[in-house]
Amino acid sequence: KVCDQDPHVVTTVARIFWMDLKYQKAKRWFDRVVSLAPAQGDTWAWFYKFLCEHGTEADRVKLITRCAQAAPTKGEYWKFVSRLPEHSSKQVNELLPVVASHLDHPSSPDLGPYRREHKKEST
């Protein structure tokens with residue numbers, strides 16, 4: 001109960017439902033978390049990636065529109081990808097699929113090579 005408002009926890013729960021092939025529950029939890037924390041870009045990207053596999057084109061278009069209205073600015077993936085020179089001038093609706101393409105399978109807990117690249121650049 002204490003963590004039911006934490007976007008990272010709710011996103012993780014949605015990813016677990018996705019991994020367990022409980023797609024309707026995963027979709028509800030993803031929808032819940034983007035409403036709970038609209039500034040969290042990583043969550044939008046996870047939801048978009050989910051819809052690419054288990055949603056319709058109409059679902060994806062609706063999500064992109066909602067994401068553009070929310071104008072997310074937070075999230076490790078979101079910040080990293082949006083700051084890359086080749087993506088820095090992109091609008092939210094163009095950036096969302098790019099960030100989603102950088103995400104691993106829903107069971108992946110970290111940023112993989114992107115975290116390592118980012119650490120190398122900052123040192």
Side-chain angles (χ1 to χ4, degrees):
K1 286 273 187 186
V2 174
C3 297
D4 67 349
Q5 299 294 312
D6 184 321
H8 296 90
V9 172
V10 179
T11 301
T12 301
V13 170
R15 291 170 58 193
I16 290 169
F17 282 133
W18 181 5
M19 285 180 359
D20 289 344
L21 309 179
K22 297 177 180 177
Y23 302 130
Q24 289 302 320
K25 282 187 176 186
K27 187 175 180 180
R28 282 195 306 268
W29 280 77
F30 277 125
D31 194 46
R32 176 179 170 207
V33 74
V34 296
S35 298
L36 175 70
Q40 187 62 256
D42 291 359
T43 300
W44 289 100
W46 277 114
F47 196 3
Y48 182 81
K49 187 172 186 82
F50 171 80
L51 290 177
C52 285
E53 292 183 22
H54 305 289
T56 64
E57 181 65 28
D59 289 338
R60 289 187 293 276
V61 169
K62 184 178 174 184
L63 185 75
I64 289 170
T65 302
R66 287 175 60 198
C67 183
Q69 290 172 347
T73 57
K74 298 179 181 178
E76 289 183 81
Y77 280 101
W78 191 268
K79 284 182 183 179
F80 180 79
V81 173
S82 65
R83 291 177 182 165
L84 291 173
E86 62 267 27
H87 304 303
S88 62
S89 63
K90 291 187 176 179
Q91 300 293 319
V92 171
N93 60 333
E94 299 168 313
L95 193 59
L96 181 61
V98 176
V99 175
S101 72
H102 285 42
L103 299 173
D104 293 327
H105 187 267
S107 64
S108 177
D110 64 14
L111 294 174
Y114 298 101
R115 174 167 282 165
R116 288 188 291 275
E117 286 176 21
H118 183 64
K119 283 184 179 178
K120 285 179 189 176
E121 291 174 5
S122 63
T123 57

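Everything quoted here is computed from the prediction, not taken from an experiment.
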Requested in this report: Decide side-chain contact (heavy atoms from CB on, under 4.5 Å) for Ile16 and Lys22; before the verdict, give the C-alpha distance in whole Å, the side-chain angles of both, and the deciding distance to 0.1 Å.
Outcome: CA-CA 9 Å; Ile16 290 169; Lys22 297 177 180 177; over 6 Å; no
Report task. Begin with the C-alpha distance, continue with both residues' side-chain angles, and end with the deciding distance and a verdict on side-chain contact (heavy atoms from CB on, under 4.5 Å) for Glu53 and Trp18. Result -> CA-CA 10 Å; Glu53 292 183 22; Trp18 181 5; 3.6 Å; yes
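Checking side-chain atoms of Ser101 against main-chain N and O of Val98 turns up a donor-acceptor pair under 3.5 Å. Of the possible polar contacts, none joining the Asn93 side chain to the Ile64 backbone as a donor-acceptor pair under 3.5 Å is found.
Applying the salt bridge (Lys or Arg N to Asp or Glu O under 4.0 Å) test to pairs two or more places apart or on separate chains, those with a residue in residues 64-73 are Asp31-Arg66.
Counting heavy-atom neighbours within 6.0 Å of Glu86 CD, excluding the residue itself, gives a total above 12.
Scanning for ring-ring contact (aromatic ring centres under 6.0 Å, His included) contacts around Phe47 gives Phe30, with sequence neighbours left out. Not counting sequence neighbours, the partners of Thr56 by the side chain to side chain donor-acceptor pair (under 3.5 Å) test are Asp59. Considering only residues two or more places apart in sequence or on other chains, Glu57 meets the side chain to side chain donor-acceptor pair (under 3.5 Å) condition with Arg60. Residues that satisfy the side chain to side chain donor-acceptor pair (under 3.5 Å) test with Lys90, not counting sequence neighbours, are His87. Applying the side chain to side chain contact (heavy atoms under 4.5 Å, CB included) test to Ser82 and every residue at least two apart in sequence or in another chain returns Trp78, Leu95.
Between Arg28 and Phe17, the closest side-chain pair of non-hydrogen atoms is not below 4.5 Å. Looking only at side-chain heavy atoms (C-beta outward), Lys27 and Leu51 come within less than 4.5 Å of each other.
Stacking of Arg32 on the aromatic ring of Trp29 is recorded, both the 6.0 Å distance cut-off and the 45° axial limit being met.
From Gln40, atom CD reaches atom OG1 of Thr11 across 6.5 Å, with rounding to the nearest 0.5 Å. Distance check, rounded to the nearest 0.5 Å: OG1 of Thr43 to CZ of Arg15 gives 9.5 Å. From Asp42, atom CG reaches atom CZ of Phe80 across 12.0 Å, with rounding to the nearest 0.5 Å. Going from atom CG of Leu63 over to atom CH2 of Trp44 covers 5.5 Å, rounded to the nearest 0.5 Å.
Cys67 and Pro72 make their closest contact through O-CD, 3.3 Å (heavy atoms, listed as atom of the first residue, atom of the second, distance). Of all heavy-atom pairs spanning Ala100 and Ala45, the tightest one is CB-O, 3.5 Å. Counting all heavy atoms, side chain and backbone alike, Pro7 lies closest to Ala37 at CB-CB, 3.6 Å. Here the shortest heavy-atom pairing between Phe50 and Ala26 reads CE1-CB, 3.9 Å.
In summary, the aromatic rings of Tyr23 and His54 are positioned with their centroids under 6.0 Å apart.
No continuous path of ILVMFWY side-chain contacts below 4.5 Å connects Val99 to Val61, so the two sit in separate hydrophobic clusters.
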